[in-house]
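Presented below is the structure to which this report refers.
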Amino acid sequence: MDYSKVPDIKTIEKTIGALKNNGIDVVLVDTKEQALTEILKDIPDGSKVMNGSSTTLIQIGFSDLLKSGNHKWKNLHEDILKEPDYAKQSDLRRKALTEADYFLSSVNAITQDGKLVAVDASGSRVGALPFAAKKVLIVAGANKIVPNIEGAFDRIKNYVINLENERAMKVYGMKSGFGKWVIIERESVPNRIKLILVKEALGF
């Protein structure tokens, strides 16, 4: 299966309907530029913002925007990166998950029956998704849509991990791994999780 391919509109619309039935707000956009515009509309000035590591957020220009300071948000990630002590940095990361008004990230797979699946080595990215963060904005390319949860596992174990290992070697000098998994099957808090789904291939 080609996991970099964007599915047809019928499959995308079916997936959106299932996600909404599971309590996840969804907005469909055509391009990565529109995804960034949607984020700018969603996050009010003065909000405390935290983000997880995400190739998708880099690709749409959000990461550069956040680093630039050309916004009216409080960038919690900036404070974390300024802390040289690793233990203190970890404490700040934990605190930021609950302190943030908005947590931004992506996911590794989206099932056609409306589940979001994400995994990372440490849990710093996925820890916010199930409960910790007040509001969650997820940006994902439609290439991450798979038929079911088995397809999500296959996508992650046979496709995502290879690309993530390449990225991790360049950035950290070591491979990544399957540390912490999160599956969002249903969100019970109205308007807590919003998925900005892009009709382009983004991230992995």
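The first residue in the sequence is number 1, and the count goes up from there. Bear in mind the structure is a predicted one, so any value in this text is a computation, not a measurement.
- Listed by first and then second residue, the side-chain hydrogen bond (donor to acceptor under 3.5 Å, both in side chains) pairs that reach into residues 19-28 are Asn22-Arg186, sequence neighbours excluded.
- Of the possible donor and acceptor atoms, none in the side chain of Arg125 sits under 3.5 Å from a partner among the backbone N and O of Ser54.
- One finds the CG atom of Leu76 at 9.5 Å from the CG atom of Leu92 (value rounded to the nearest 0.5 Å).
- The CD1 atom of Ile110 lies 8.0 Å from the CD1 atom of Ile138; values are rounded to the nearest 0.5 Å.
- Rounding to the nearest 0.5 Å gives a distance of 6.0 Å between CG of Asn51 and CG of Leu57.
- Under the 3.5 Å distance criterion, with hydrogens and angles disregarded, a donor-acceptor pair is assigned to the side chains of Lys144 and Ser106.
- A salt bridge links Lys48 and Glu99; the closest N-O separation between the charged side-chain nitrogens and carboxylate oxygens is under 4.0 Å.
- Atom CG in Leu36 sits 11.5 Å away from atom NZ in Lys41 (nearest 0.5 Å).
- Between the side chain of Glu78 and the backbone N or O of Lys67 there is no donor-acceptor pair closer than 3.5 Å.
- Side-chain N or O atoms of Glu187 include none that pairs as donor or acceptor with a backbone N or O of Ile193 at under 3.5 Å.
- Ion pairing of Glu200 with Lys32 is absent here, as no side-chain N (NZ or NE/NH1/NH2) approaches a carboxylate O to less than 4.0 Å.
- Neither side chain, Tyr102 nor Asp42, offers a donor N or O lying under 3.5 Å from an acceptor on the other.
- Cluster partners of Ile58, using a side-chain heavy-atom cutoff of under 4.5 Å among ILVMFWY residues and allowing indirect links: none.
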